Amino acid sequence: MRYDFSATEKKWQARWAEQNTFATGTDQNKPKYYVLDMFPYPSGSGLHVGHLEGYTATDIITRYKRCRGFNVLHPMGWDAFGLPAEQFAIKTGTHPRLTTEINISSFRDTLKSMGFSYDWSREINTTDPGYFKWTQWIFLKLHEMGLAYMSEIDVNWCEELKVVLANEEVDEKLADGYTVVRKPLRQWVLKITAYAERLLEDLDGLDWPENVKQMQRNWIGRSEGVEIDFELRCHRTNLRVYTTRPDTLFGATYLVISPEHPMAEKLATAQQLTAVKAYIEQAKLKTELERTGLQKDKTGVFTGSYAINPATGEALPVWISDFVLTSYGTGAIMSVPAHDSRDWEFAKKFGLPIREVVKSPHDVQEAVFEAKESVSVNSSNDEISIDGLPFKAAFDRMATWLESKGKGKRTVNYRLRDWIFSRQRYWGEPIPIKHYEDGTMRHETNLPLTLPEVEAYHPTSTGESPLANIEEWLIGSDEHGRYRRETNTMPQWAGSCWYYLRFIDPANAEKLIDPSRERYWMNVDLYIGGAEHAVLHLLYSRFWHKVLYDLGVVSTKEPFQRLFNQGMILGEDNEKMSKSRGNVIPADLVLSTYGADAVRLYEMFLGPLEQVKPWNTNGIEGISRFLSKVWRLVYAENETSLRITEEKPGHAVLKRMHKAIRKVSEDTELLKFNTAISEMMVLVNELHKAGCYSREAVETVLLLLSPFAPHITEELWQTLGHEQSISGAAWPLFDPSMAKDDVVTIAVQVNGKLRGTYDAPADCPKEQLLEEAKKLESVVKFLEGQSIVKEIVVPGKLVNFAVKPL
RNA sequence: GCCAAAGUGGCGGAACUGGUAGACGCGCUGGACUCAAAAUCCAGUGGGUGCAAACUCGUGUGGGUUCGAGUCCCACCUUUGGUACCA
């Protein structure tokens with residue numbers, strides 16, 4: 001009897017659904033384990049083998065943990081608001097809801113045919129009013145807490161298309177010949193910067209890949225520096241700059257402010273005014289990309305004004321340049337061209353003086369010297385000297401001096417910016433805010449505030465979302481007067497910021513989440529997803545979670561205790577899978593050819609989970625062979641009768657078996673599925689070789705394999721007479737004494753080169769190992785005529801003789 | 001440029017805290033079964049020299065530490081991911 005994967009997989013998937021096999025356990029006395037996938041955006045192109053990698057990994061862990069006695073929460077849902085469905089609607093008039101529904105049902109089918117053991121009764125969808133009611137609720141809380149505010153923000157505005165573009169879209173539109181300008185629009189902004197310090201600090205306690213933590217640290221970009229006031233010569237105000245190198249103050253030879261700096265125009269002298277105005281105007285036309293992107297050539301204009309260097313008393317010219325960012329620090333810098341490459345470049349271009357104040361190994365007129373591992377020079381006046389001091393000491397003395405003179409203040413700065421939270425789109429959560437005629441704003445308390453039906457999905461000519469065209473929805477009145485609704489919607493990130501909480505209590509109509517369930521299930525014990533979310537999604541989620549923590553909605557400071565990034569699966573040509581390359585391997589295709597168990601095993605066998613690796617359809621044949629070998633542990637070839645025996649396995653087989661239990665258990669815990677599978681292959685090969693079809697051994701194989709290949713093992717488990725699902729069976733335990741070798745092969749080396757091996761008992765004492773080694777024929781000839789300088793014995797491993805010619 | 005990770009057979013990859021490099025799988029070669037094929041099974045499979053026993057080289061490159069290095073240290077090269085004037 002041959003294994004028919006197609007019929008078997010269908011049979012068990014139907015039975016699992018019918019019997020609710022994977023319903024989440026509710027007995028709170030049992031230990032819990034929460035395994036979460038990054039839920040997908042249900043796109044129209046369906047799932048390919050790359051998408052299934054992470055889901056397979058979490059499913060293996062889920063099934064494994066269940067067998068180890070945990071209540072496991074393993075849910076799935078849909079991040080279903082988003083641009084593609086809306087673009088499709090603009091083109092075809094199809095309602096995004098319909099597109100989304102169709103895509104979801106195709107995604108769900110594929111996931112089900114992989115045999116994933118999700119608790120489908122907890123499925124959530126971010127576009128479901130019952131869900132986004134709470135997304136809106138969180139937004140209102142953010143607003144109450146002063147963490148959501150409106151501000152004029154520059155957006156990428158395309159004149160011809162009358163549309164706001166996302167940063168990612170700008171390049172492509174420019175290439176098509178459109179013009180994109182920066183235009184200020186009133187936007188909702190979330191004050192994530194208020195949580196910068198906590199977001200940074202709490203990273204330390206997380207079991208996350210080091211590179212992801214590092215990326216978040218870089219993104220938050222904490223820096224310690226000093227704000228220094230420079231007196232302006234012909235103005236009563238000061239010019240405040242931010243620097244992380246106060247130790248180089250003596251080397252500051254000019255100042256630069258950004259074109260948007262409030263003082264920019266005021267500082268222009270009569271003579272310079274025309275040039276300054278022209279420069280500011282020109283900067284406005286440039287997009288963010290043009291200003292910060294590839295073009296590195298420095299531009300700038302002199303204001304005509306001067307400021308006094310508090311350390312040297314010198315008058316420094318004040319320049320305007322767009323390389324200085326308005327939104328970082330004070331929007332103004334002191335330039336120390338000798339020790340900062342940007343300042344150096346600028347100074348060279350405009351002929352400004354360069355003065356060495358940190359001892360440099362070369363002439364700073366020729367090249368910049370930026371390293372901090374040196375000491376200050378030329379840095380003293382009547383009141384202070386930092387000459388000879390290394391960076392840290394020089395920094396401190398200078399900062400203290402400036403503070404004592406009231407000219408400066410130590411400051412911490414973050415690179416992190418507040419989060420622009422509004423989109424001028426239809427297919428997103430409406431922001432539940434009412435704007436009244438008197439200019440006040442109130443919350444829409446009747447949540448959820450749902451989307452109205454619209455005729456057309458195009459943004460309006462003013463750049464507002466299509467919602468601005470729907471009078472009935474837009475305008476209303478209540479006891480506070482006439483109001484106009486907020487027409488911006490939330491970005492796609494919003495729904496994914498807190499979905500992991502809703503899975504715990506998906507149907508709660510009264511609360512976002514029930515506190516006792518929250519306390520039982522949080523945190524997420526294992527969160528698996530792609531590295532592309534290393535910063536944004538994971539940072540935004542952590543931010544919302546901390547806000548909910550402050551609100552008392554959740555009991556943990558962090559949402560995801562352990563994070564794991566699966567590596568991408570490349571196409572067979574070693575390139576990223578993409579439609580345009582034509583190298584996409586669709587999930588449904590391999591599923592129908594090889595079956596779910598083979599696909600699951602192969603995806604995991606390909607290599608380490610975290611690694612990027614190419615798909616190779618040929619390789620899956622090996623897995624199919626392995627599965628039929630497993631099948632033949634129970635059914636002999638061409639036989640319908642069982643070959644299983646009730647005898648105890650032989651000693652050698654038993655040892656092999658216990659070793660496999662240990663290895664597979666350890667590797668599964670560590671998500672090292674490739675080596676776990678390899679170990680199972682070794683065991684199965686061994687059983688066939690030994691002709692051992694003992695029930696004890698075969699059932700062990702089935703149990704070990706069941707999280708990986710649930711269908712075939714379920715079928716054979718039933719064949720062997722079990723009435724309960726193998727998914728509920730207890731994980732096998734190993735006997736440590738059985739999992740140990742009693743005979744080991746000892747390697748014998750002479751001068752580190754392998755010259756022979758022999759078998760010895762595992763606990764053989766050193767002396768005896770040496771004796772035996774010296775007797776080996778293949779070793780003796782290398783010892784002849786030599787004097788042994790040193791004898792190294794590693795029990796259970798090897799013997800090495802260091803020799804010298806006599 | 002900066003930050004992070006990684007370079008091992010024809011290919012994917014394995015190798016615990018330094019201890020027999022190449023597990024497992026793909027592919028390939030030969031054989032068995034068959035009228036034949038598929039499937040399956042058995043044997044072999046890093047390079048070089050050799051009839052053989054055996055010897056020798058070999059984990060990106062060059063040095064170093066060590067009885068012993070894929071693994072540790074230094075320098076360099078390449079690839080991938082992140083970031084991009086953050087003062």
Side-chain angles (χ1 to χ4, degrees), chain A residues 2 209-219 221-223 225 241-245 248 256 291-296 298 321-325 327-336 339-343 345-346 370 413-417 531-532 534-535 565 567-568 570 574 576 601-602 605-608 610-623 625-626 628-629 632 637-638 663 666 672 674-682 685 688-689 745-757 778 781 788-794 796-803:
Chain A
R2 289 182 55 88
E210 206 40 57
N211 66 318
V212 175
K213 289 206 229 180
Q214 197 53 43
M215 275 159 72
Q216 294 220 345
R217 285 189 196 108
N218 292 341
W219 193 264
R222 183 183 201 273
S223 76
V241 307
Y242 173 72
T243 181
T244 54
R245 296 294 303 270
T248 62
V256 190
R291 278 179 58 166
T292 62
L294 305 166
Q295 161 234 358
K296 298 227 167 177
K298 298 270 184 294
S321 174
D322 64 6
F323 84 83
V324 176
L325 304 174
S327 48
Y328 184 78
T330 60
I333 61 162
M334 66 176 211
S335 279
V336 185
H339 306 294
D340 181 285
S341 59
R342 297 153 302 182
D343 297 345
E345 236 178 87
F346 194 84
E370 294 186 290
N413 246 309
Y414 300 92
R415 227 186 68 139
L416 183 70
R417 301 296 155 77
E532 66 274 18
V535 178
N565 293 129
M568 210 185 334
L570 305 174
N574 241 305
K576 196 170 167 171
L601 275 169
Y602 185 56
F605 187 62
L606 224 43
E610 67 278 12
Q611 199 165 297
V612 176
K613 48 215 174 276
W615 177 267
N616 175 4
T617 301
N618 284 337
I620 203 171
E621 298 284 354
I623 295 292
R625 271 173 220 159
F626 169 64
S628 49
K629 283 183 201 169
R632 288 204 314 277
E637 211 168 347
N638 305 321
K663 176 85 174 147
E666 285 171 359
K672 289 167 78 173
N674 54 331
T675 46
I677 293 167
S678 157
E679 184 69 17
M680 291 189 267
M681 288 173 166
V682 172
N685 288 344
H688 277 295
K689 210 172 216 169
T745 306
I746 302 295
V748 185
Q749 301 179 332
V750 178
N751 282 343
K753 282 189 178 160
L754 182 70
R755 296 303 181 189
T757 61
S778 57
K781 66 181 178 188
I788 296 177
V789 185
K790 200 170 176 184
E791 292 166 340
I792 296 105
V793 186
V794 183
K797 286 274 179 197
L798 61 59
V799 175
N800 187 13
F801 299 104
V803 301

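A, B, ... follow the sequence lines: proteins, then strands. Residue 1 opens every chain. Computed from a prediction, not measured in an experiment: that's the story for all the values here.
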Looking at A:Phe323, is A:Lys298 sitting on its ring face, NZ or CZ under 6.0 Å from the six-membered ring centre and within 45 degrees of the normal?
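Checked: cation-pi criterion met.
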
Taking the side chain as C-beta and beyond, is there a heavy-atom pair between [X] and [Y] under 4.5 Å?
| X | Y | result |
| --- | --- | --- |
| A:Asn674 | A:Pro608 | yes |
| A:Met681 | A:Phe605 | yes |
| A:Thr248 | A:Met334 | yes |

Below 30° counts as parallel, above 60° as perpendicular, anything between as tilted: where do the rings of A:Trp615 and A:Tyr602 land?
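A:Trp615 and A:Tyr602: perpendicular rings.
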
Does [X] make a side-chain N or O approach to OP1 or OP2 of [N] shorter than 4.0 Å?
| X | N | result |
| --- | --- | --- |
| A:Arg217 | B:G82 | no |
| A:Arg625 | B:C41 | no |
| A:Arg755 | B:C67 | no |
| A:Asn674 | B:A14 | yes |
| A:Asn574 | B:U80 | no |
| A:Gln611 | B:G13 | yes |
| A:Tyr328 | B:A87 | yes |
| A:Thr675 | B:C24 | no |
| A:Lys790 | B:C67 | yes |

Output the rounded distance in Å from CG (A:Leu754) to C1' (B:A15).
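In whole Å, B:A15 C1' lies 16 Å from A:Leu754 CG.
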
B:G25 C1' sits how many Å from A:Tyr602 OH, rounded?
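Atom-to-atom, A:Tyr602 to B:G25, this comes out as 8 Å.
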
[N] to [M] separation - [atom1] atoms, rounded to the nearest Å:
| N | M | atom1 | answer |
| --- | --- | --- | --- |
| B:A52 | B:C74 | C1' | 45 Å |
| B:C41 | B:G50 | C1' | 33 Å |
| B:C16 | B:G10 | C1' | 30 Å |

How would you label the glycosidic angle of B:G9: syn (within 90° of 0) or anti?
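Nucleotide B:G9 adopts syn.
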
Just compare B:C85, B:C24, B:C67 and give me whichever is closest to any side-chain atom of A:Phe323.
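Nearest listed nucleotide: B:C85.
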
Give one of base, sugar-phosphate or nothing for A:Lys613, where a contact means two heavy atoms less than 4.0 Å apart.
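Contact class for A:Lys613: sugar-phosphate only.
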
